[in-house]
Amino acid sequence: MRLVAWLTVPATSMRTHMCGELRREHIGSTVSVCGWVARRREHGEHLAFVDVRDHAGVVQCVVDNSVDVRSEYVVRITGIVRERPEGTVNPNLPTGEIELGECQVEILRTAAPPPFPIDARADEVDENIRLQYRYLDLRRERMQKNLRVRAAINSAVRASMEAQGFVEVETPMLVPSTPEGAREFLVPSRKEPGSFYALPQSPQLFKQLLMVAGVDRYYQIARCLRDEDLRADRQYEFMQLDAEMSFVNQDDVLGAISEAVLAAAEAATGERPPEIERMTWHDAMNRFGVDKPDLRFGIELTELTDAFAATEFKAFATAPSIKGICVPGVAADYGRNQLDKLTDRAKSLGAKGLVWLKAVAGDDLQIAFESPVAKFLSASEVEAVATRLGVVEGDLVLVVADEWETTCEVLGQLRNDLGRPPVHEGPYRYVWVVDFPMFVGRDAETGAPKPGHHPFTQPHPDDLDQLETDPMSVRSQAYDLVLNGWELGSGSIRIHQSDLQRRIFSVLGISEEEANRKFGFFLNPFDYGAPPHGGFAFGLDRLVAILAGEENIREVIAYPKTQSGADPMTNSPLPVAAAQLDQLGIRVLPPAAKG
RNA sequence: GGUCCCGUGGUGAAGUCUGGAGUUCACGCCGGCCUGUCAAGCCGGAGGUCGCGGGUUCAAGUCCCGUCGGGACCGCCA
């Protein structure tokens with residue numbers, strides 16, 4: 001973190017320095033600082049220590065105790081920087097070697113006692129109260145840091161994109177409602193009562209049309225809005241680095257976005273991460289059981305299907321896919337009760353069951369397993385599990401047998417449950433997940449394949465032949481960027497050829513008439529000359545949160561909403577006056593009667 | 001739409017399982033003392049509709065039902 005940059009704020013008519021920037025080198029100079037009273041320590045009639053805080057830090061001011069300053073008063077203090085007397089240096093404070101003496105105190109504004117302490121203790125305060133008094137919460141060092149990490153990342157992203165020839169174009173906030181995708185926020189039209197704009201869930205349409213327009217490389221730090229339920233990593237409103245490029249292939253896009261992400265990471269942490277590795281979707285599922293693998297820890301899924309080819313254990317005998325994970329050293333921590341809970345968890349994730357094996361010492365330095373199914377396992381099967389998973393005494397082995405995808409998903413979730421470190425721990429592990437399947441699942445009614453990314457994604461060139469014959473095996477040119485198990489964002493190479501687009505619609509079971517009705521406004525402009533193009537968008541809130549060591553994106557958003565979508569500070573959302581609704585031609589239904 | 005956790009002076013917690021006077025602890029606040037502290041110290045004080053509503057009971061912060069608010073997750077987020 002470039003803390004130094006935060007300390008150097010130009011002097012104003014009221015202050016010469018920031019509180020937090022004063023050091024030994026300033027000894028002897030007369031300075032003025034402005035800020036909030038962080039703490040006051042009184043020592044008799046004529047001595048008090050007042051810690052004054054601004055965003056750069058705190059400095060101790062020695063004042064006459066007759067001056068009545070209290071917590072969070074806004075003050076301007078003029079004094080002489082001097083060395084602290086021997087034995088009174090505070091090594092815990094960057095300004096701890098000096099203090100301000102002979103202080104003149106000017107009270108710029110008195111303050112009521114804050115509802116919670118403006119320091120690290122507020123980390124424990126009910127989040128609702130922090131949000132209600134967000135302006136006080138933001139006054140704290142942690143939140144000031146988060147705001148500034150965010151600003152540094154935004155700035156680095158802009159610089160990187162511009163250095164690569166991207167041009168920032170702003171797209172509208174009032175856009176048409178689109179039939180597919182996330183639920184939208186609607187904005188009523190006053191001039192056309194009954195008609196509505198939508199707030200953009202992303203600038204997708206507009207950025208692709210900028211490619212048709214010949215902009216070549218577009219980017220925007222764009223606000224996106226989705227009316228879906230909120231989570232630790234999801235808000236109604238969030239920011240994306242949105243980008244689109246012409247005359248490119250997948251490598252070109254990944255290269256450009258990698259550059260911006262690495263520049264952002266360097267700005268936030270001071271260290272440029274190594275080149276971002278790539279992994280196919282299939283590898284990610286096979287080894288980690290998720291399409292957003294957290295590479296900070298092991299416990300990889302290990303293939304066991306062939307080892308049980310001739311097993312007597314019925315649940316394993318017929319399963320298409322058998323895999324296991326080995327959680328090191330925790331066998332003793334899991335009693336029958338917790339193991340039952342793990343089994344329930346596996347079942348709720350879709351598995352038929354879960355086999356657990358505790359590694360214990362066997363004969364001849366061999367590993368043996370303590371497990372309800374141990375008696376069904378042959379010596380060679382035990383040997384295979386122990387060897388392939390690298391099991392040592394005290395490990396807990398979990399095995400799932402099911403369809404390949406279910407086996408992977410269940411074990412992947414258990415792997416995260418049992419092994420995933422908190423976000424602020426360990427290295428940053430970026431990974432591009434590529435070669436996503438073109439189609440995921442089938443429509444329950446029509447049986448047609450459903451698009452994995454969106455219906456305008458280019459299939460993988462090697463798989464074009466299978467599009468009609470074996471659509472589920474077709475890979476797409478869609479890709480995700482993942483950091484420490486969080487999906488930062490996704491993108492794809494788009495279809496710019498009308499014949500290929502028609503083939504995709506046909507596979508999806510969308511008629512030409514329906515395609516025109518639903519997507520014509522988007523695709524017809526392509527007939528005027530769409531260049532080959534592709535793009536990407538990633539969530540800045542998530543990137544900032546991880547780089548700031550926060551588990552929750554609310555901590556890196558100045559004014560976030562609660563899980564129910566409310567803002568405790570402004571009390572929004574609120575009812576509006578009837579006259580306002582009349583003007584918009586809107587009538588609100590009474591709340592539905594509860595049954 | 002669903003599952004789970006939480007709600008006690010301004011703040012954080014204990015008390016709830018096993019009902020018995022608004023009880024306790026820390027911080028903050030107010031007043032006093034205090035000339036080298038630094039989350040100062042010492043003495044004194046004020047401050048609560050135990051989220052809200054209903055029920056059971058001689059008696060409810062505590063048990064039951066409902067409801068509101070907050071959080072984690074599933075669904076959802078092409």
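- Within the nucleic acid shown, Q60(A) comes within 4.0 Å of at least one base atom, counting heavy atoms only.
- The shortest distance between the side-chain N/O atoms of S71(A) and the OP1/OP2 oxygens of C29(B) is below 4.0 Å.
- G54(B) and A14(B) are spaced 28 Å apart, taking the C1' atom of each and rounding to whole Å.
- In this structure, F505(A) has its ring center under 6.0 Å from that of F519(A).
- Atom-to-atom, CG of L136(A) to P of G28(B) comes out at 17 Å; the value is rounded to the nearest Å.
- Among residue pairs with one or both ends in residues 478-491 of chain A, none qualify as side-chain hydrogen bond (donor to acceptor under 3.5 Å, both in side chains); sequence neighbours excluded.
- The separation between R130(A) atom CZ and G71(B) atom P is 11 Å, rounded to whole Å.
- Residue D344(A) is out of contact with every strand shown, counting any heavy-atom pair closer than 4.0 Å.
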Polar atom pairs between nucleotides 33-35 of chain B and protein, under 3.5 Å, N or O only, would you list them?
| from | atom 1 | to | atom 2 | distance (Å) |
| --- | --- | --- | --- | --- |
| C34(B) | N3 | G44(A) | N | 3.2 |
| U35(B) | O4' | H43(A) | O | 3.1 |

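- The nearest whole Å value for the distance from the CG atom in D68(A) to the C1' atom in C30(B) is 12 Å.
- Between E512(A) and R502(A) there is no salt bridge, since none of the side-chain N atoms of the basic residue sits less than 4.0 Å from a carboxylate O of the acidic one.
- Whole-Å rounding puts the D126(A) CG to G51(B) P distance at 13 Å.
- Residue E468(A) qualifies as enclosed at atom CD: its count of foreign heavy atoms under 6.0 Å is above 12.
- Remark: R82(A) does not engage E102(A) in a salt bridge, criterion side-chain N to carboxylate O under 4.0 Å.
- Going from atom CD of E555(A) over to atom P of G71(B) covers 11 Å, rounded to whole Å.
- Within 4.0 Å (heavy atoms only), V89(A) reaches at least one base atom of the nucleic acid.
- Neither OP1 nor OP2 of C6(B) sits under 4.0 Å from any side-chain N or O of N128(A).
- Applying the 3.5 Å distance criterion, the base of A40(B) shares no donor-acceptor pair with the side chain of R39(A).
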In B/S/- notation, 5' to 3', how is nucleotides 73-78 of chain B contacted by protein heavy atoms closer than 4.0 Å? BBBBBB

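- When the side-chain nitrogen and oxygen atoms of T562(A) are compared with OP1 and OP2 of G70(B), one or more of them lie within a distance under 4.0 Å.
- Comparing R84(A) and V125(A), the nucleotide of RNA chain B nearest to each residue sits closer to the 5' end for V125(A).
- Between the P atom of C68(B) and the CG atom of N571(A) lies a distance of 17 Å, rounded to the nearest Å.
- With sequence neighbours excluded, the residues forming a side-chain hydrogen bond (donor to acceptor under 3.5 Å, both in side chains) with R41(A) are D51(A), Q60(A), listed by chain and number.
- For the C1' atom pair drawn from C17(B) and A78(B), the interatomic distance equals 48 Å after rounding to whole Å.
- Comparing C65(B) with U11(B), their C1' atoms are spaced 32 Å from each other, to the whole Å.
- Within the nucleic acid shown, P85(A) comes within 4.0 Å of at least one base atom, counting heavy atoms only.
- Atom CG of D119(A) and atom C1' of G28(B) are 11 Å apart (whole Å).
- Of the C1' atoms belonging to A60(B) and C33(B), the separation is 44 Å, rounded to the nearest Å.
- U24(B) sits 15 Å from U16(B) when the C1' atoms are compared, rounded to a whole Å.
- R82(A) comes within contact range of at least one nucleobase, with a heavy-atom separation under 4.0 Å.
- Residues forming a side-chain hydrogen bond (donor to acceptor under 3.5 Å, both in side chains) with R24(A) (at least two apart in sequence, or on another chain): E83(A), E97(A).
- Using a 4.0 Å heavy-atom cutoff across all strands shown, E487(A) reaches no nucleic acid atom at all.
- Base pairing analysis places G66(B) opposite C52(B); the two distances defining the Watson-Crick or G-U wobble pair are each below 3.5 Å.
- The aromatic rings of F536(A) and F538(A) lie tilted to each other, with the angle between the two planes from 30° to 60°.
- I129(A) comes within contact range of the sugar-phosphate backbone alone, with a heavy-atom separation under 4.0 Å but no base atom that close.
- Residues meeting the ring pair (Phe, Tyr, Trp, His ring centres under 6.0 Å) test with F526(A), sequence neighbours left out: F522(A), H533(A).
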With side-chain hydrogen bond (donor to acceptor under 3.5 Å, both in side chains) as the criterion, how do H46(A) and N65(A) come out once you've worked through the C-alpha distance, each side chain's angles and the decisive distance to 0.1 Å? CA-CA 5 Å; H46(A) 291 296; N65(A) 200 5; over 6 Å; no

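- As rounded to whole Å, 12 Å separates atom P of A40(B) from atom CZ of F49(A).
- In a base pair of the Watson-Crick type (N1 to N3 plus N6-O4 or O6-N4) or a G-U wobble (N1-O2 and O6-N3), with each distance short of 3.5 Å, C29(B) is matched with G45(B).
- Between R142(A) and E550(A) there is a salt bridge, since a side-chain N of the basic residue sits under 4.0 Å from a carboxylate O of the acidic one.
- Straight-line distance between the C1' atoms of G9(B) and G71(B): roughly 24 Å, to the nearest whole Å.
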Could you walk me through whether R494(A) and S492(A) pass the side-chain hydrogen bond (donor to acceptor under 3.5 Å, both in side chains) test, one step at a time? CA-CA 6 Å; R494(A) 330 294 184 186; S492(A) 63; 2.7 Å; yes

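- Using atom C1' as the reference point in both C43(B) and G53(B), the two lie 45 Å apart (nearest Å).
- Look at R40(A) and you won't find any side-chain N or O under 4.0 angstrom from OP1 or OP2 of G28(B).
- Nucleotides U23(B) and A40(B), compared at atom P, are 31 Å apart to the nearest Å.
- Here R41(A) does not reach the OP1 or OP2 of U37(B): none of its side-chain N or O atoms lies under 4.0 Å away.
- Using N1 to N3 plus N6-O4 or O6-N4 for Watson-Crick, or N1-O2 and O6-N3 for G-U wobble, each under 3.5 Å, A21(B) pairs with nothing.
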